[in-house]
Protein chains: 2
Amino acid sequence: MYKKETELKNELEIAWKKAADVALSKSVNPTKSHKGALARTNIKKSCRRTLEKVGYHKMKIADVMQEAGMATGLFYHYFPDLRSLVLEVLLDFLSRFKGKILNKPALTKEEWYDVGYTYYFRIVKSYALYPGMMQCMKEMMWEETNFGALVRLVFIKSQEESLKKLPQEGIRGNMSNDQLRIILRALGSVGEELLIDYYITKESKISKLSISERAMAEYLTSLFYQAFFLEQPPLNKMKYAKDLKEWMKTQ
Amino acid sequence: MYKKETELKNELEIAWKKAADVALSKSVNPTKSHKGALARTNIKKSCRRTLEKVGYHKMKIADVMQEAGMATGLFYHYFPDLRSLVLEVLLDFLSRFKGKILNKPALTKEEWYDVGYTYYFRIVKSYALYPGMMQCMKEMMWEETNFGALVRLVFIKSQEESLKKLPQEGIRGNMSNDQLRIILRALGSVGEELLIDYYITKESKISKLSISERAMAEYLTSLFYQAFFLEQPPLNKMKYAKDLKEWMKTQ
DNA sequence: TACATTTTTGAATTTGAATTCAATTTCACA
DNA sequence: TGTGAAATTGAATTCAAATTCAAAAATGTA
C-alpha cells in the first residue's frame, strides 16, 4: 500500500506548480526594489486581514488597497488581478499544512495516535486562528480546480505519510490498496462539519459549548482512531478531553 | 438525548422560512397565467441545466435565458436576480433530502444499518446524478448563511432521526447529549471528500475505480457503523461491495 | 546634486453584465 | 371577433467594479 514517498512528493510538486501557475500566469511585475517588496507584502497582509473581515466573495480590489492604505491603482503594479493575489496568499497559507508532522513515523497504533493528534491539532488551530482563511480556502477549492486538487493532495499526503508504516497493524491490515484508499478518503473529511460549525458559522448548539483546541483535537483524533482501528485509543492519551476519558472508562 | 421531534421540526421550518425569505425578499411578480407559470418553470429547469454545464460562478442571467430560449429581459418578469433563482432551484432540490428515510425507526443496530444505508444511498445518488447541483449547494452554503444553516439542519435532522431510538444500544449509549452531538457532527461529514472526488472533481486515482452507487453507499454506511459502534456491521448487509464482505470475512 | 529608475496617485476610462423599458405579441374570456 | 391583461422582445441604459494612464513623488546611485 501507500505510494512511494518520492512518487508522492513529485505529484505534490507538480500540483503545486500547476496551482501556482494560475496565480502567476498573467505577467506579474517582479518588484524591483526593497520598497517595492515591502509594498507587495503589505498588500498581501492587507488581503489576509480583509479576507477575515469581509470574506472572499464580497472583497474588492479597492477594499484591499484601502485596508493597505495605498492607492487603488497601485494594485496593478504588483498583481494582475484579485484572484491571483488571493491565490498567492492561500498558497502561502497552505504551506503551514505541508511540513512533516513528526520526525519519526508511527510504527504502532499508539504511536500513530500522537501523529494523528499533531495532524488534527494543526488543523484545529488553523480553524480557530484563521477562520476566514479556512473559509476562503474552501471557496477557492471550488472555483479553481488546480488549487482544489493541490489542497486535497496536501492533506492526503499528510494522512498517508502518517499511516505509511502501519500497514500490518490493526483491523485494516489486510485491506487492499484500493479499499484503503477509499476508506482514507472517506475518513479524510471526518470533523469538517464540526470544525466549520464551531469555528466559522457558530450557529448551532455545539458552538455554544466551550471546547479547548486541544480537547477538540483529541475528539477528532480519537474518532479517527475508533473509525480506523475499531478500538478505543489508549486512555492515557486523553489529556484535555476529560469527559471523553470518563466515557471511555465506563467501557 | 435527541431533541423532541416537534422541536426539531419547528427549528427546521424556521430555517426553511429564513432561507426562502432571502429568495423571495425582493418583490417577485407572481405569475398571472398558466403560460406564465410554464415560463417560470422553464427558466428554473434551464437554470438547473446551465448549473450542471457551466457552474454557479460562471453562470450569467443571459446564459440561463439563452438555454431557456427566451429573451434576456424576460428574466426580470419572473425573478428579481440570479441569486434568487438559484436559491429557489436549490430549495426545490434540497427537498429531496427532507423526507423521512424509513417509516419504522430503527430499534437495533442492525436495523439502523438499513436506515443509514437508505440515507447514504440517497446522498450517493444525488452526487452521481446531479454533481453540478451538489456543487452549487456547497458553494451557496458559503455564500448565503441562512441557506447554509438550513442545509446543515436538514442533514442533522435526518441523522438524528435515524438514531433517535438507539440511545441505549452500542458503545455510545452512555455518552452525554453534548458528547453525542459533537461526535455526530464530526461523523456527519464522513465520506464528503470521497463523494466530491469520485463524482465531481474526478481527478484522483479513486475516481478511476469503478464503484457502483450501491457499493458506494455500503462503503459509507459501514464506515459510519464502524466509527459509531466500533464494530463490524452484519456481514449479510454487504450485498454490493463484495470486496468489503471478503475483507470482513477475514476477521 | 543630478538623473534615471521605481513607486505612487487618483481621476478618467473601459468593461461586462445587470437592469430597464417602450413597443409588440399572445392569450383568455366575453 | 374584440378587448384588456399578461407575456415577450432585444436594444438602450445603467451600474459597479476593474483597469489604465499621465503626471508626481520617492528612491538609489554616481
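These values consider heavy atoms only, across backbone and side chains, with no hydrogens, waters or symmetry-generated copies. Protein chains get the first letters and strands the later ones, always in sequence-line order, with residue 1 at the start of each.
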- Note on the structure: B/Tyr78 OH to C/dT19 C1', in whole Å, measures 17 Å
- Item | Euclidean distance, atom NE2 of residue B/His77 to atom P of D/dT8 [Å, nearest integer] | 7 Å
- Task: Would you mind reporting whether A/Ile211 and B/Ile182 have side-chain heavy atoms less than 4.5 Å apart?
- Result: yes
- Task: Compare side-chain N and O positions of B/Thr31 against OP1 and OP2 of D/dA6 and report whether any pair is under 4.0 Å apart.
- Result: no
Could you run down the sub-3.5 Å N/O contacts of the protein with nucleotides 15-26 of chain D?
unit_1, atom_1, unit_2, atom_2, d
D/dT19, OP2, A/Tyr76, OH, 3.1
D/dA26, O3', A/Lys35, NZ, 3.4

- Item | A/Ser33 side chain near D/dG28 phosphate (N/O to OP1/OP2, under 4.0 Å) | no
- Can you sort out the partners of A/Phe121 under ring-ring contact (aromatic ring centres under 6.0 Å, His included), two or more places apart, ordered by chain and number? A/Tyr117
- A/Tyr130: partners by ring-ring contact (aromatic ring centres under 6.0 Å, His included), with sequence neighbours left out: A/Phe93
- Message: Distance alone, cut at 3.5 Å: any donor-acceptor contact between the side chains of A/Ser126 and A/Arg96?
- Response: yes
- Please list all pairs passing the ring-ring contact (aromatic ring centres under 6.0 Å, His included) test where one or both residues lie in residues 198-218 of chain A, with sequence neighbours left out. none
- Integer-rounded Å distance: C/dT5 C1' and A/Lys32 NZ: 9 Å
- Note on the structure: Atom CG of A/Leu38 and atom P of D/dT27 are separated, to the nearest Å, by 11 Å
- Message: Consider side-chain contact (heavy atoms from CB on, under 4.5 Å). Of A/Arg83, A/Arg152, A/Met141, which one does A/Phe147 pass it with?
- Response: A/Met141
- What is the ring orientation for B/His57 with A/His57, classed by angle as parallel under 30°, tilted 30 to 60°, or perpendicular over 60°? parallel
- Task: Please examine the side chains of A/Glu192 and B/Glu192, heavy atoms only from C-beta on, and report whether any two atoms are closer than 4.5 Å.
- Result: no
- Starting from P on C/dC29, measure out to NE2 on B/His34 and report it in whole angstrom. 12 Å
- Item | Euclidean distance, atom CE of residue B/Met70 to atom P of D/dG10 [Å, nearest integer] | 12 Å
- Message: How many whole angstroms separate atom CE of B/Met65 from atom P of D/dT8?
- Response: 9 Å
- Overall bend - the helix from C/dT1-D/dA30 to C/dA30-D/dT1, comparing terminal axes fitted on five pairs, nearest 10 degrees: 10°
- Taking ring-ring contact (aromatic ring centres under 6.0 Å, His included) as the test, write out the residues that go with B/Phe224, two or more places apart. B/Trp112, B/Phe228
